[in-house]
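Structure record follows, encoded as structure tokens.
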Amino acid sequence: QVQLVESGGGSVQAGGSLRLSCAASGLTFSSYTMGWFRQAPGKGREFVAAISWSGSSTYFADSVKGRFTISRDNAKNTVYLQMNSLKPEDTAVYYCAADPRLRVSLSQVDYIYWGQGTLVTVSS
């Protein structure tokens with residue numbers, strides 16, 4: 001079955017960096033758009049970043065633009081989220097997700113496979 005397993009979360013001070021990884025199995029990874037979403041305490045889940053199947057196109061939420069980058073290694077079936085200049089408001093559970101469509105979607109309803117999430121805590 002399809003599995004998406006996130007790692008790399010943890011606690012960091014404001015201004016610090018973290019790199020999240022998401023290892024995929026059970027699917028043809030290179031055929032999927034991959035996205036990162038997050039859910040802060042008491043809030044709904046929101047879009048963070050997405051990357052096309054080839055890695056040639058990337059998209060970011062305005063709140064993370066210029067601070068986060070997304071990349072993928074199709075040979076390793078892994079997608080990454082590099083988070084720099086972290087702020088307390090970035091504190092959330094971060095989820096990776098897979099969308100089988102070629103056109104990149106920023107909407108979580110289009111993503112059919114989800115990981116279990118990894119917690120990122122940013123202290124001031």
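We're numbering straight along the sequence, starting at 1.
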Is there side-chain contact between I112 and P100, with heavy atoms separated by less than 4.5 Å?
yes

Check whether any side-chain heavy atom of F29 sits under 4.5 Å from a side-chain heavy atom of M34, and report yes or no.
yes

Following the transitive rule for hydrophobic clusters with a side-chain heavy-atom cut-off under 4.5 Å over Ile, Leu, Val, Met, Phe, Trp and Tyr, establish whether [X] and [Y] coincide in one cluster.
{"X": "W114", "Y": "L81", "result": "no"}
{"X": "I51", "Y": "F37", "result": "no"}
{"X": "Y94", "Y": "Y111", "result": "no"}
{"X": "Y80", "Y": "I70", "result": "no"}

[X] side, atom [atom1]; [Y] side, atom [atom2] - distance, nearest 0.5 Å:
{"X": "Q1", "Y": "L27", "atom1": "CD", "atom2": "CG", "value": "11.5 Å"}
{"X": "R19", "Y": "S17", "atom1": "CZ", "atom2": "OG", "value": "12.0 Å"}
{"X": "T58", "Y": "R72", "atom1": "OG1", "atom2": "CZ", "value": "12.0 Å"}
{"X": "C22", "Y": "N77", "atom1": "SG", "atom2": "CG", "value": "10.0 Å"}
{"X": "S11", "Y": "L86", "atom1": "OG", "atom2": "CG", "value": "11.5 Å"}
{"X": "R103", "Y": "S57", "atom1": "CZ", "atom2": "OG", "value": "12.5 Å"}

Steps toward side-chain contact (heavy atoms from CB on, under 4.5 Å) verdict (V122, Q13):
CA-CA 5 Å; V122 185; Q13 288 191 326; over 6 Å; no

Can E6 and L20 be said to form a side-chain contact (heavy atoms from CB on, under 4.5 Å), step by step?
CA-CA 7 Å; E6 302 97 335; L20 305 184; over 6 Å; no

Using side-chain contact (heavy atoms from CB on, under 4.5 Å), reason through W53 and S31 one step at a time and then give a plain yes or no.
CA-CA 6 Å; W53 65 273; S31 298; 5.9 Å; no

Donor-acceptor pairs are to be reported for all side-chain atoms of residues 43-50 against protein atoms at under 3.5 Å, with residues two or more places apart or in another chain.
from : atom 1 : to   : atom 2 : distance (Å)
R45  : NE     : Q108 : OE1    : 2.9
R45  : NH2    : Q108 : OE1    : 3.2
E46  : OE2    : R38  : NE     : 2.7
E46  : OE2    : R38  : NH2    : 3.2

Hey, are [Y] and [X] close enough side-chain-wise for a donor-acceptor pair under 3.5 Å?
{"X": "N74", "Y": "S30", "answer": "no"}
{"X": "S56", "Y": "S54", "answer": "yes"}
{"X": "T78", "Y": "D73", "answer": "no"}

Taking all heavy atoms of [X] and all of [Y], pick out the closest pair and write down the distance.
{"X": "N84", "Y": "Q82", "result": "OD1-NE2, 2.9 Å"}
{"X": "Y59", "Y": "L106", "result": "CB-CD2, 3.7 Å"}
{"X": "S71", "Y": "V79", "result": "O-CG2, 3.2 Å"}
{"X": "G115", "Y": "Y95", "result": "O-CD2, 3.6 Å"}

is_close_aromatic(W36, F68), centroid dist under 6.0 Å:
no

Checking D110 against S105 for the side chain to side chain donor-acceptor pair (under 3.5 Å) test, could you report, in this order, the C-alpha distance in whole Å, the side-chain angles of both residues, the deciding distance, and whether it holds?
CA-CA 7 Å; D110 292 320; S105 172; 2.6 Å; yes

side-chain contact (heavy atoms from CB on, under 4.5 Å) between V120 and T91, intermediate numbers included:
CA-CA 5 Å; V120 171; T91 295; 5.9 Å; no

Over 60° means perpendicular and under 30° means parallel, so classify the ring planes of Y113 and Y32, tilted if in between.
tilted

K65/D62 ion pair, N-O < 4.0 Å
yes

